[in-house]
Amino acid sequence: MSDKKVRVRFAPSPTGGLHLGGVRTVLFNYLFAKKHKGDFVLRIEDTDQNRYVEGAEQYILDCLKWCGITPDESPVVGGQYAPYRQSERKPIYREYAERLVAQGHAYYAFDTPEELDAKRKEIPNFQYGHAHRYELCNSLNLPLQEVEALLHANTPHVIRIKMPQDDTISFNDMIRGYVSFDTNQVDDKVLLKADGMPTYHLAVVVDDYLMKITHAFRGEEWLPSAPVHLLLWEFLGWKADMPEWAHLPLILKPDGHGKLSKRDGARLGFPVYAMNWLDKKTGELTPGFRELGFLPEAFLNLLAMLGWNDGTDQEIFSLDEMIEKFSIERISKAGAKFDFEKAKWYNAEWIKRTDAESLKLKVWEILKEKGVTVTDEAYLLKVIDIVKERCVLLPDFYQQSAYFFQQPAEYDINSVKPKWTDAKTDFFNALVTVLPELDSFEPAATETRFKALAEEKGLKVGDLMLPFRIMLVGGKFGPHVFDIAALLGPSETIIRIEKALEAFTG
RNA sequence: GGCCCGUUCGUCUAGGGGUUAGGACGUUAGAUUUUCAUUCUAGAAACAGGGGUUCGAUUCCCCUACGGGCUACCA
């Protein structure tokens with residue numbers, strides 16, 4: 001690596017929600033930048049006016065924010081190399097495209113999309129390249145005057161790169177090592193579209209150069225077009241400044257085959273996007289990890305482990321730890337199938353490790369949404385501590401803790417009623433009178449008294465525990481009963497026993 | 001079809017010329033928890049195939065197979 005300051009960019013196209021692979025690319029970019037005390041730039045690649053989606057840019061910004069990743073430069077915070085939206089840089093690209101034409105590395109092409117479609121149908125494996133470019137409508141083939149006339153008449157045209165013949169383009173990918181391509185196999189990609197906007201190929205090279213990007217991370221799907229980019233760096237005379245490339249392995253469908261897509265989420269029942277995404281045109285809502293109840297720490301952690309590890313058995317990493325441990329050499333080459341079960345495990349681990357204070361707000365919101373009002377913060381903190389180890393997703397806090405704030409709306413009556421006896425009624429009536437006499441309502445104290453009373457009444461403790469639990473909780477779940485009772489306090493415990501007794505005996 | 005990339009338990013992966021091929025998720029069994037979950041213990045489970053190179057290949061090379069990506073005036 002050179003002594004230049006490390007600068008990386010995440011350059012999404014604002015066409016919809018951000019999916020797993022996108023966030024992982026952000027993450028690796030960010031980890032690398034921060035590891036090397038460099039800059040992380042957010043650049044919006046909105047060069048396709050047809051695919052542009054309102055709100056997508058804001059969504060990307062919100063995603064980064066949720067993840068705790070702050071760009072050093074972006075369309076909103078600006079920076080030395082602004083603007084960071086390619087649509088706002090439009091005039092820049094034409095200049096470089098024209099320069100390439102002037103130097104003979106590119107040419108004007110006047111073929112219409114319809115004509116090219118026809119060609120593709122007519123000629124098997126048609127490529128706009130060395131084999132066919134001299135039979136098509138372009139400045140390589142047409143007489144100079146005719147080209148000038150067409151240009152003068154504002155005839156719609158594109159600028160294409162002229163791929164050299166019989167050459168090999170190779171480079172050293174930071175992840176894949178030596179990679180090479182035969183130029184005869186690569187077609188004359190469009191650089192500048194008829195609307196004057198650059199294609200990705202031109203824009204990525206020009207902007208990476210202008211923004212002084214030193215390391216370029218992107219998905220493996222870009223590998224086949226790498227030779228075009230390499231050539232552009234060379235033709236434009238910037239080869240010495242070319243970033244190092246890292247083509248990341250893809251995230252694959254858990255079942256079947258292929259790249260993970262939005263559709264798979266709907267089909268298999270798990271989110272693919274970082275956050276909920278609402279398509280304003282169709283009204284379709286694509287669920288996100290955030291809304292499902294993932295902690296951002298867990299989300300980033302599980303994403304990082306999809307293709308990276310630190311070489312030890314450690315699997316739980318905070319963002320800071322990842323920055324410290326990250327290295328490109330430890331990124332795997334092969335694509336990874338996404339496993340939602342493991343994803344949930346990461347979240348459960350993170351919930352367990354996060355202290356109640358940090359969880360407080362989120363749990364409070366979840367309870368509020370369900371109509372459970374929390375007024376005592378200290379009490380909420382205690383509740384979180386006692387139930388968090390049985391929550392996998394944030395919304396699990398509702399079922400696990402609602403009964404601490406309100407009496408059970410209904411009881412799992414079938415678990416107690418068939419085995420109910422008058423002796424049990426008698427026991428709980430006695431318990432209600434005995435409980436207030438206790439000096440301490442600590443779990444151990446109530447448990448001792450509970451058991452003693454059972455013995456006095458000649459009943460088995462085991463037959464009384466479940467009914468007691470159901471009286472307090474409503475169902476067969478939750479922490480230890482006496483811990484629950486302790487938190488609830490004597491008066492609330494007694495009220496619940498009495499109320500449940502009516503339901504059990506009625 | 002052409003080109004490019006890849007291939008260790010079901011999944012994510014560690015490892016690397018000589019290992020009982022390790023961990024995690026999931027799964028199975030047991031323990032603990034007089035509920036559920038947690039936790040703990042144990043078990044099943046993998047080097048795609050064929051050729052080389054080598055005293056010795058899962059590891060290095062080649063081929064095949066399989067998987068994936070690209071093949072737009074989309075990124």
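The shown structure was predicted, so the numbers you read here are calculated from the model rather than taken from an experiment. Just the heavy atoms: all of them, side chains too, but no hydrogens, waters or symmetry mates, feed the values below. Lettering of chains follows the sequences in order, A, B, ..., and the numbering in each one begins at 1.
Taking atom P in both U33(B) and G43(B), the straight-line distance is 24 Å, to the nearest Å. When the P atom is used for both A45(B) and G22(B), the distance is 12 Å, rounded to whole Å. As rounded to the nearest Å, U8(B) and A57(B) have C1' atoms that lie 14 Å from one another. Between A48(B) and U58(B), the two P atoms lie 10 Å apart (nearest whole Å). For the C1' atoms, the distance from A42(B) to C36(B) is 23 Å, rounded to whole Å. When the C1' atom is compared between A46(B) and C9(B), the two are found 4 Å apart, to the nearest whole Å. U11(B) sits 16 Å from U27(B) when the P atoms are compared, rounded to a whole Å. G49(B) and U7(B) have their C1' atoms separated by 12 Å, given to the nearest Å.
Here Thr112(A) lies in heavy-atom contact (under 4.0 Å) with a base. Among the heavy atoms of the strands lying under 4.0 Å from Ala194(A) is at least one base atom, whether or not backbone atoms are also near. Residue Val158(A) is classed as a base contact, given a heavy-atom separation below 4.0 Å to a base. Nucleic acid contact for Thr47(A): sugar-phosphate only, since backbone atoms but no base atoms lie under 4.0 Å from a heavy atom of the residue. In this structure, Thr15(A) reaches neither bases nor backbone, as no heavy-atom distance under 4.0 Å exists between it and the strands shown. Among the atoms of the strands shown, only primed sugar atoms or phosphate atoms (P, OP1, OP2) are found under 4.0 Å from some heavy atom of Arg330(A). Within 4.0 Å of Asp48(A), counting heavy atoms only, lie sugar-phosphate atoms of the nucleic acid but no base atom. Asp195(A) comes within contact range of no nucleotide atom at all, as no heavy-atom separation falls under 4.0 Å. Gly307(A) comes within 4.0 angstrom of sugar-phosphate atoms only, judged by non-hydrogen atoms across all strands, and of no base.
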Requested in this report: Check step by step if salt bridge (charged side-chain N to carboxylate O under 4.0 Å, His left out) holds for Lys382(A) and Asp385(A).
Outcome: CA-CA 5 Å; Lys382(A) 283 183 194 164; Asp385(A) 269 326; over 6 Å; no
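Straight-line distance from the CG atom of Asp173(A) to the P atom of C5(B): 10 Å, rounded to whole Å.
The pair Arg353(A)-Glu297(A) does not meet the salt-bridge criterion, since no charged nitrogen lies less than 4.0 angstrom from a carboxylate oxygen. Here Arg496(A) pairs with Glu492(A) in a salt bridge; the nearest charged N to carboxylate O distance falls below 4.0 Å.
Less than 4.0 Å separates RNA chain B from no heavy atom of any residue of residues 402-417 of chain A.
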Requested in this report: Do nucleotides 33-49 of chain B as a string where each nucleotide becomes B, S or -: B if the base has a protein heavy atom under 4.0 Å, S if just the sugar-phosphate does, - if no protein is that close.
Outcome: SBBBBSS----------
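A donor-acceptor contact closer than 3.5 angstrom is absent between the side chains of Arg9(A) and Asn29(A).
Note: His157(A) and Tyr107(A) fail the aromatic proximity criterion, with ring centroids not under 6.0 Å apart. Aromatic ring centres of Phe235(A) and Tyr96(A): separated by at least 6.0 Å. Here Phe338(A) and Phe270(A) bring their ring centres to under 6.0 angstrom of each other. Aromatic ring centroids of Phe326(A) and Phe317(A) lie 6.0 Å or more apart. Side-chain rings of Phe10(A) and Phe217(A) stay apart, their centers remaining 6.0 Å or farther from each other.
Val272(A) pairs with exactly one of Arg263(A), Lys253(A), His19(A) by the side chain to side chain contact (heavy atoms under 4.5 Å, CB included) rule, that one being His19(A).
Interface remark: the Lys189(A) side chain does not form any donor-acceptor pair with the A72(B) base, using a distance-only criterion of under 3.5 Å.
When both pairing distances are held under 3.5 Å, G1(B) makes a Watson-Crick or G-U pair with U71(B).
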